[in-house]
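Contents: one structure, followed by commentary.
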There are 2 protein chains.
Amino acid sequence: MDQEPEDYVLEEQVGHLLRRAYQRHLALFQGIMGEDGPTSMQFAALHVLWRRGPLSQNLLGRALAMDPPTVKGVVTRLMARGLVVRDRDAADARRLRVALTPAALAALPAWVGKARAVTAATLAPLSREDQARLGTILGKLG
Amino acid sequence: MDQEPEDYVLEEQVGHLLRRAYQRHLALFQGIMGEDGPTSMQFAALHVLWRRGPLSQNLLGRALAMDPPTVKGVVTRLMARGLVVRDRDAADARRLRVALTPAALAALPAWVGKARAVTAATLAPLSREDQARLGTILGKLG
DNA sequence: CCCCGATCATGTGCACACTAACAAGTCTAG
DNA sequence: CTAGACTTGTTAGTGTGCACATGATCGGGG
């Protein structure tokens, strides 16, 4: 336990490396999606709704690992862009059912293609083995 | 290029995995530092100033991979907490020199110890080999 | 049937992060 | 020695993310 202060090198800490890697990913996402494309989280929300159909905000948040206030923000912005609509669940008046609009359905196929390109670009600096390893290791951290 | 929509599984995308891992890290950071400890970025800034001495906001930002508006916010909050002071650089009137206060110097050794614990906790689910691999791979993504 | 705990959503306040546009100081080429 | 380029910092606007407190609704046990 003879820990000199020098032992702590910021650039080697996982937290710093994770932050940098995620930052880089977000920059690639924005660059590839373009000016009027969805943000990273907006796309993730749309994709979940596409795969699973209309969901309450709460379920949407769980699928995305977002807490309720954050979901609200994302959904509000998606409504403002005309990509989702929201109404009360008939069976449970607490729930707000979020559903895609036709505009979102029309745009999604192209966006999924771009999202694939983002993943490829993010992983581009790595060998195939490292790409697989990274996925496996990050999965264990979830 | 026969890409079915099903090919895109959110939970397998690097971006999602990076975000989750970083979220978990931040939660551990806050939990270990405690209520009145610094946030992750505040600690990183303090540590850089400790290692390198007073820096301009710009240099501080480069050391931390933060852009200027973000640095300003972090420095403002650190000033409000009495952990840094800011003055104009005598040699270059554009620069704002940021320096640690005695309060920060007194608190830093304990905080560095906790920061080490955060790194350990973040990596805890991984084998030693995976810990090393993760560092190497994330380094290539920077 | 009614109350009580669990669930769903909201509002507020704080922190971080990026863009774009701007102001001010420094430096160098001509 | 001055004009334009570069560097440094700020402001404003948007988006993500968390904790905490509050209110509305649902479900089950007495």
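The sequence lines fix the lettering, A, B, ..., with proteins before strands; numbering per chain opens at 1. The analysis underlying the following values was restricted to heavy atoms, covering all of them including side chains, and did not include hydrogens, waters or symmetry mates.
Listed in residue order, the members of residues 16-27 of chain B having a heavy atom less than 4.0 Å from DNA chain D are Arg19(B), Gln23(B). Residues from residues 61-71 of chain A with heavy atoms under 4.0 angstrom of DNA chain D, sorted by number: Met66(A), Asp67(A), Pro69(A), Thr70(A).
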Shorter than 3.5 Å, N or O on both sides, protein versus nucleotides 1-6 of chain C: list them out with atom names.
none

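When heavy atoms are screened at a 4.0 angstrom cut-off, Arg97(B) is found touching no nucleic acid atom at all.
A close approach under 4.0 Å does occur between a side-chain nitrogen or oxygen of Gln57(A) and OP1 or OP2 of dT10(C). Contact annotation: Thr39(B) reaches the phosphate of dC16(C) (side-chain N/O to OP1 or OP2, under 4.0 Å).
Relative orientation of the Phe43(A) and Phe29(A) rings is tilted, given thresholds of 30° and 60° on the angle between their planes. A tilted orientation is assigned to the rings of Tyr22(B) and Tyr22(A), their planes being inclined by 30° to 60°.
One can place CG of Leu28(A) at 17 Å from P of dA17(C), the figure rounded to the nearest angstrom. One interatomic measurement links the two molecules: CE of Met41(A) to P of dC18(C), which rounds to 17 Å at whole-angstrom precision. Distance Asp89(A) CG to dA9(C) P: 9 Å, rounded to the nearest Å. With rounding to whole Å, Phe43(B) atom CZ is found 18 Å from dA15(C) atom C1'. Atoms CZ (Arg88(B)) and P (dA24(C)) sit 11 Å apart, rounded to a whole Å.
Of the possible donor and acceptor atoms, none in the side chain of Arg95(B) sits under 3.5 Å from a partner among the backbone N and O of Asn58(B). The backbone N or O of Met66(A) lies less than 3.5 Å from no partner atom in the side chain of Thr70(A), so there is not a single donor-acceptor pair.
Of all non-hydrogen atoms in Ala104(A) and Leu46(A), the two that sit nearest each other are CB-CD2, 4.5 Å. In terms of heavy atoms, His16(B) sits closest to Ala63(A) at NE2-O, 4.5 Å. Heavy atoms only, all atoms of each residue included: Met33(B) and Trp111(B) are closest at CE-O, 3.3 Å.
Leu49(B) is listed as a side-chain neighbour of Leu55(B), based on a closest heavy-atom distance under 4.5 Å. Here the side chains of Glu11(A) and Leu17(A) are not in contact, with every heavy-atom distance at 4.5 Å or above. Residues Thr39(A) and Val74(A) fail the side-chain proximity criterion, which asks for heavy atoms closer than 4.5 Å.
Where DNA chain D meets chain A (any atom under 4.0 Å from a heavy atom), the bounding nucleotides read 5' to 3' are dG15(D) to dC26(D).
By the side chain to side chain contact (heavy atoms under 4.5 Å, CB included) test, Ile137(B) is found to be paired with Leu126(A), Asp130(A), Arg133(A), Leu134(A), residues two or more places apart in sequence or in another chain being considered. Every residue meeting the side chain to side chain contact (heavy atoms under 4.5 Å, CB included) condition with Arg86(B), not counting sequence neighbours, appears here in chain and number order: Gln57(B), Val75(B), Met79(B), Leu96(B), Val98(B).
Residue-to-nucleotide proximity on DNA chain C shows that, of Ser40(B) and Ala90(B), the 5′-proximal contact is made by Ser40(B). Summary of the strand contacts: Val74(A) and Asp92(A) both lie near DNA chain D, and taking for each the nucleotide with the nearest heavy atom, the more 5' one is attributed to Val74(A).
The existence of a salt bridge linking Asp87(A) and Arg97(A) is confirmed by a sub-4.0 Å separation between a basic side-chain nitrogen and an acidic carboxylate oxygen.
No more than 12 heavy atoms of other residues, nucleotides or ligands shown are found within 6.0 angstrom of CZ on Arg52(A).
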